[in-house]
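One structure below.
All figures in this text were calculated on a predicted structure; none of them were measured in a lab. Reckoned from all heavy atoms, side chains included, excluding hydrogens, waters and symmetry mates.
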Amino acid sequence: QDCLREHRIEESVAIGIRELFKEIERSGEGVSPIVLLQLLHQAIPQFSEKDDQGRLQQQDANECWVQIVRILEQYVNISTNEKVGKTAIGTTNEWQDVAMGTSNEGHDVATGTSQNAGQDVAMGIVDKKGGEFTNKRFIKQFMGVDFESTMKCKESDDEEVMKSRDHVLQLSCYITQDVKYLHSGLKNRLQEEIVKYSNVLERDAVYIKSSKITRLPKYLTIQMVRFFYKEKEKVNAKILKDVKFPLELDVYDLCATSLQEKLKDKREKYREIEDELSAGVTKETLAVGAATKENNELMIDEGFLDDTGSNSCGYYQLQAVLTHKGRSSNSGHYVSWCKLSTGWVMFDDDTVMPVLPDDILKLSGGGDWHCAYVLLYSSKIIERKK
C-alpha cells in the first residue's frame, strides 16, 4: 500500500511476489494470485490488454518472465560478508521485507543476530563481528551470465579486432535447421555473423562475433526461441521442431579458458563421486532445498567464495520447464513443470499432478504436444551414501 501511494508500482510487484509465496506456505492449499496479477497489470499495462470480447489477450510467457525478473533485479538486494560467512536478502527500501521469511525470522536466519543488526546488514553497515557487508543485486548474482566477446571484420585484415563484455539474465537457443539438441543451439549462438558499418572499408561489411562465458550463475535460464514473425503472411509463427534437452547439462565447453581453469577443481570432485556411484553406490539427485537424509552426504556446488550466487563446476540439473501448446504466440496454452523434493510435478492452471522424468523429456517438441519454451537449470546437487 505504501508503494502504491508513493507510485512505486514496480516495487509493489516484488513485494507482491513475496507475499504470494508467504500465503502459499501459510495456507497449504491452492492460492489464487489475483492481487499479484492486478499489480503486474498496473506495472506493465501491456499485460492487461483485452480483445474485442473484453477478454485478456494472450501474452508471451517469456516476455512476462523477463519483465518480472527485471523488476526483481531492481528491487531485491543481497548483502554478503565473506569474513563471517553470512548472506542476507531484502528489498531495496525496507529490510523488514526479507525474502527468506517473516521479518524477525528473516533477520535471525540471515544474520544470527538481533533485528537491529539485521537492518545494519541490509544497509551495508559493518557487522559487529567484523568485516563489511557488500550490497549486490540478488538476480544479477544468482541468475546473471557474463560474456567476453571479440568482433573481427571478415572482409578486412586491417581493421582492429573489437573486444567487449556483456551481461545477460538468460541464454537463447536459436532453432535452425541443423539444431537437434539444446547444447548445439547454445554453441551456435556463441559465434555469429553480423553486418555492420566498417570505418575502414567505409561501407557495410560482415563481422564474426565470437563469445565465451566468463561467469556462470547458480540458476541458468534458457529460452528456446520458437516464435518468429512471418513478414509475408503478417503473422506470429511457431517453430515446432523437436530439440532435445537434457535433465543434466554441462556447459564447460561454452566457457572461456580462464573460467574453465577455475572450474576444474570442483569438476574433478564431482567426477570422483560419479565414479563411486557407477561402481555400485546408490545415487539420488535432489531438488534444491530438499532435506538432507541422515545417512547420506550431499555434494553441493556452493559457488566461488568470492562470487556469491555463482556456479563453480559448470554442471546443472533441470529444475523447471515452461511449455507452450499451440501453433501461434497469439494463442495456445502455457503449462509449467517443476521438480520438487518428491519428484516432477505438472502445474496446469488448477490441475496439479505428478509426472515422470521421461514425461519431461517428451516436451522437446516435434508436434502439437507441449513444446519446451523456457528451461530453468540449477547448480547440480548429487547425493551419496556416507
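Between Pro217 and Asn311, the shortest heavy-atom contact is O-CB, 3.3 Å.
Ion pairing between a basic and an acidic side chain is recognised when a charged N comes within 4.0 Å of a carboxylate O; Glu25 and Lys22 show no such pairing. Remark: Arg271 engages Glu268 in a salt bridge, criterion side-chain N to carboxylate O under 4.0 Å.
Residues passing the side chain to side chain contact (heavy atoms under 4.5 Å, CB included) test with Glu202 are Tyr197, sequence neighbours excluded. Shown here are the side chain to side chain contact (heavy atoms under 4.5 Å, CB included) partners of Glu49, two or more places apart in sequence or in another chain: Gln46, Gln57, Gln59. With sequence neighbours left out, Tyr377 forms a ring-ring contact (aromatic ring centres under 6.0 Å, His included) with no residue at all. Here Glu160 pairs with nothing under the side chain to side chain contact (heavy atoms under 4.5 Å, CB included) rule; sequence neighbours left out. For the side chain to side chain contact (heavy atoms under 4.5 Å, CB included) test, residues two or more places apart in sequence or in another chain that qualify with Glu159 are Cys153, Ser156, Met162, Ser198, Val200, Tyr207.
Cation-pi geometry between Lys380 and Tyr270 is not satisfied (NZ or CZ under 6.0 Å from the ring centre, within 45° of the ring normal).
In this structure a side-chain-to-backbone donor-acceptor pair under 3.5 Å is missing from Gln141 to Asp307. Panel note: side chain Ser310, backbone Gly303; no donor-acceptor pair is recorded below 3.5 Å. Using modelled atom types, one side-chain atom of Lys241 and one backbone atom of Gln177 make a donor-acceptor pair closer than 3.5 Å.
Here Val195 is tied into one hydrophobic group with Val206, each link being a pair of ILVMFWY side chains closer than 4.5 Å.
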Could you walk me through whether Thr214 and Asp146 satisfy the side-chain hydrogen bond (donor to acceptor under 3.5 Å, both in side chains) test, starting with their C-alpha distance in whole Å, then the side-chain angles of each, then the deciding distance to 0.1 Å, before giving a yes or no? CA-CA 5 Å; Thr214 56; Asp146 291 343; 5.0 Å; no

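Connection of Leu361 to Trp369 is established within a shared hydrophobic cluster, with ILVMFWY side chains joined at heavy-atom distances below 4.5 Å, either directly or through further cluster members.
Note that CD1 of Ile381 and CD of Glu302 are 8.5 Å apart. Values are rounded to the nearest 0.5 Å.
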